[in-house]
Amino acid sequence: MAIKFLLKTLLFVLPLLVIFEVLFRLGYSPIITNSTLFDFKMIRLQKRHIKSLKMLSIGSSVSLYELNSNIIIQNLHVSYYNFASWGLQISDMRVLLKSFVKDYRPKYVIIGSSIGDFISPSNDTYLNYVNTNAYVRNNFPEIFYLKNYNSVHQIIRRKHSAYPVQFDNWGGATLTIQAKDINRDKWNEHNIFPTQYTPDQYRELDSLGVWLNAQHIKLIFAQAPIKASYANTPASKQILQDHFDKCRSVVEKHGGYYFNYYNTSIFTDSLFFDQFHLQAAGGRLFTRQLVSNLKQIIK
């Protein structure tokens with residue numbers, strides 16, 4: 001009876017497994033988290049079979065769009081990958097770095113940051129990725145079709161509704177948006193910071209600093225430029241300065257390096273496509289300044 005039951009179960013499951021494998025080979029990846037970009041990036045990374053990295057970067061869209069991979073590679077000559085993804089908060093970075101550090105054993109971690117990394121709660125769906133055995137997720141990502149089951153319809157719809165992003169060979173995705181296509185609401189966005197979650201994110205940064213220091217990994221925190229009009233009142237300027245001071249204090253307390261590239265005379269409005277994100281030309285300028293500092297650090 002037991003054998004008969006197992007055979008019936010296999011006959012039921014096998015067609016489903018075949019369907020999922022066909023979907024995977026056609027590029028309809030499993031849904032791992034609620035971030036389409038993160039999932040796509042991890043599936044893409046799995047195909048690279050990277051064994052180790054001397055340096056990695058992480059962050060939200062600021063790191064994704066503004067850290068120019070070619071400039072980093074050509075000037076620092078180190079193994080490197082950009083793990084940034086839309087909307088990551090400091091708490092999410094801390095969770096993911098526990099996994100990335102174990103997998104790739106870097107000596108340096110760069111966070112290209114802006115105030116958007118300190119405004120929202122943690123995204124618990126990233127735990128679905130990090131709590132899966134590293135060997136399994138890196139070699140058999142199809143497991144997520146079953147581990148985080150979603151219908152075929154949901155999987156297909158997600159792929160076709162995804163915002164197109166062109167990654168370079170190191171996970172970056174510089175972006176240029178024409179003036180006519182700039183979102184005016186985003187261009188004029190204001191007063192998004194701080195929020196009720198900001199104190200929690202400062203605590204997460206502190207915990208991350210403690211942990212990386214214990215792992216003998218250098219944290220490099222790069223405060224990205226912000227468009228001049230965001231801080232257009234004395235109160236806004238003070239809020240930003242308090243944020244800069246807080247991050248510097250936390251990072252340096254745990255042996256990390258803090259660099260602030262908020263300079264409205266160098267990073268003029270023409271280099272942005274909204275209040276916080278630089279066009280590709282601005283990203284090149286930002287990365288060159290960062291690389292100049294990194295040359296004094298990277299051994």
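One is the number of the first residue; the rest follow in order along the sequence. Below, all heavy atoms of this structure are taken into account, side chains as well, without hydrogens, waters or symmetry copies.
More than 12 heavy atoms of other residues, nucleotides or ligands shown are found within 6.0 angstrom of NZ on Lys54. The number of heavy-atom neighbours closer than 6.0 Å to NZ of Lys102, taken from other residues, nucleotides and ligands shown, is 12 or below.
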Walk me through whether Arg203 and Asp206 qualify under salt bridge (charged side-chain N to carboxylate O under 4.0 Å, His left out). CA-CA 5 Å; Arg203 286 189 286 271; Asp206 186 71; over 6 Å; no
Evaluate side chain to side chain contact (heavy atoms under 4.5 Å, CB included) for Ile266 paired with Leu285, printing each intermediate quantity in order. CA-CA 9 Å; Ile266 295 176; Leu285 178 58; 3.7 Å; yes
Evaluate Ile298 against Val78 for side chain to side chain contact (heavy atoms under 4.5 Å, CB included), listing each step before the verdict. CA-CA 9 Å; Ile298 306 299; Val78 296; 4.0 Å; yes
Side chain to side chain contact (heavy atoms under 4.5 Å, CB included) between Val165 and Leu37, worked out: CA-CA 8 Å; Val165 176; Leu37 185 137; 3.6 Å; yes
For a side chain to side chain contact (heavy atoms under 4.5 Å, CB included) check, start with the C-alpha distance between Leu76 and Met55, then their side-chain angles and the critical distance, and finish with the verdict. CA-CA 10 Å; Leu76 298 178; Met55 183 172 72; 3.7 Å; yes
Do Gln89 and Ser122 pass the side-chain hydrogen bond (donor to acceptor under 3.5 Å, both in side chains) test, and can you show the C-alpha distance, the side-chain angles, and the key distance before you say yes or no? CA-CA 7 Å; Gln89 299 296 290; Ser122 302; over 6 Å; no
Which is it for Lys147 and Thr132 under the side-chain hydrogen bond (donor to acceptor under 3.5 Å, both in side chains) test, yes or no, and what are the steps along the way? CA-CA 9 Å; Lys147 190 173 186 291; Thr132 300; 3.2 Å; yes
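The minimum heavy-atom distance linking Leu97 with Trp211 is given by the pair O-CH2, 3.9 Å. In terms of heavy atoms, Gly112 sits closest to Val62 at O-CG1, 4.0 Å. Across all non-hydrogen atoms, the minimal contact from Ser236 to Ala231 is CB-CA, 3.8 Å. Nearest heavy atom pair, residue Ile239 against residue Pro194, reads CG2-CD, 4.0 Å. For the pair Gly59 and Leu88, the tightest heavy-atom approach, listed with the atom from each and the gap, is O-CD1, 3.2 Å. Taking all atoms of both residues into account, the shortest heavy-atom contact from Leu290 to Ala222 is CD1-CB, 4.1 Å.
Here CZ of Arg48 is found 15.0 Å from CD1 of Ile43. Values are rounded to the nearest 0.5 Å. Atoms CG and CD1, on Leu96 and Ile58 in that order, are 5.0 Å from each other to the nearest 0.5 Å. Ile192 CD1 to Ile115 CD1: the interatomic distance, rounded to the nearest 0.5 Å, is 4.5 Å. Expressed to the nearest 0.5 Å, how far CH2 of Trp187 lies from CZ of Phe273 amounts to 10.5 Å. Atom-to-atom distance recorded for Thr287:OG1 and Arg284:CZ is 9.5 Å, nearest 0.5 angstrom. With rounding to the nearest 0.5 Å, the separation of CZ in Phe267 from OG in Ser265 is 9.5 Å.
Residues Phe167 and Phe40 are in side-chain contact: their nearest non-hydrogen atoms beyond the backbone lie under 4.5 Å apart. Here the side chains of Asp103 and Ser99 are in contact, with some heavy-atom distance below 4.5 Å. Contact check for Phe259 versus Gln223: no side-chain heavy atoms found under the 4.5 Å cut-off. Side-chain contact between Arg184 and Ile182 is present, with heavy atoms from C-beta onward closer than 4.5 Å. The side-chain heavy atoms of Tyr65 and Gln279, taken from C-beta on, include no pair separated by under 4.5 Å. Residues Cys247 and Tyr202 meet the side-chain proximity criterion, which asks for heavy atoms closer than 4.5 Å. Using a 4.5 Å heavy-atom threshold, the side chains of Leu219 and Tyr258 count as separate. Considering only heavy atoms from C-beta on, Ile71 comes within 4.5 Å of Arg288 through its side chain.
Judged by distance alone, the side chain of Thr264 and the main-chain N or O of Lys227 form no donor-acceptor pair under 3.5 Å. In this structure a side-chain-to-backbone donor-acceptor pair under 3.5 Å is present from Asp39 to Ile32. Formation of a donor-acceptor pair under 3.5 Å by the Glu252 side chain with backbone atoms of Ser249 is not found in this model. Counting only distance, with no hydrogens or angles, the side chain of Thr195 and the backbone of Ile119 share a donor-acceptor pair below 3.5 Å. Put simply, the side chain of Ser61 never gets that close to the backbone of Leu64: no donor and acceptor are under 3.5 Å apart.
A donor-acceptor pair shorter than 3.5 Å can be found between the side chains of Ser57 and Tyr80. Remark: the Glu204 side chain and the Ser207 side chain contain no N/O donor-acceptor pair separated by less than 3.5 Å. Side-chain atoms of Thr268 and Ser270 include a donor-acceptor pair closer than 3.5 Å. A side-chain donor-acceptor contact under 3.5 Å links Gln201 and Ser91. For the residue pair Asn138 and His49, no side-chain donor N or O sits within less than 3.5 Å of a side-chain acceptor on the partner. Side-chain contact check for Asn128 and Thr33: no donor-acceptor pair (N or O, by modelled atom type) lies under 3.5 Å. Between the side chains of Asn34 and Asn123, at least one donor N or O lies within less than 3.5 Å of an accepting N or O. With no hydrogens or angles considered, a side-chain donor-acceptor pair links Ser229 and Gln275 at under 3.5 Å. Side-chain atoms of Tyr261 and Asn293 include a donor-acceptor pair closer than 3.5 Å.
Hydrophobic clustering keeps Val210 apart from Ile220 (ILVMFWY residues linked when any side-chain heavy atoms are closer than 4.5 Å, directly or through intermediates). Ile73 and Val291 fall within a single hydrophobic cluster, where Ile, Leu, Val, Met, Phe, Trp and Tyr are joined by side-chain heavy atoms under 4.5 Å apart, directly or via other members. Ile217 and Tyr108 are assigned to two separate hydrophobic clusters, defined by single-linkage of ILVMFWY side chains at heavy-atom distances under 4.5 Å. No single ILVMFWY cluster, assembled from side-chain heavy atoms under 4.5 Å apart, contains both Ile72 and Leu45. Tyr257 and Ile111 fall into different hydrophobic clusters, where Ile, Leu, Val, Met, Phe, Trp and Tyr are joined by side-chain heavy atoms under 4.5 Å apart, directly or via other members.
A distance below 6.0 Å separates the ring centres of His160 and Tyr28. A centroid separation of 6.0 Å or more is found between the aromatic rings of His277 and Phe272. Aromatic ring centres of Tyr230 and Phe276: separated by under 6.0 Å. Here the two rings, on Phe83 and Tyr104, have centers that are under 6.0 Å apart.
By the 6.0 Å and 45° rule, Lys41 does not stack over the aromatic ring of Trp86. Taking the ring centre of Phe221 as origin, the terminal cationic atom of Arg248 falls outside the region bounded by 6.0 Å and 45° from the ring axis.
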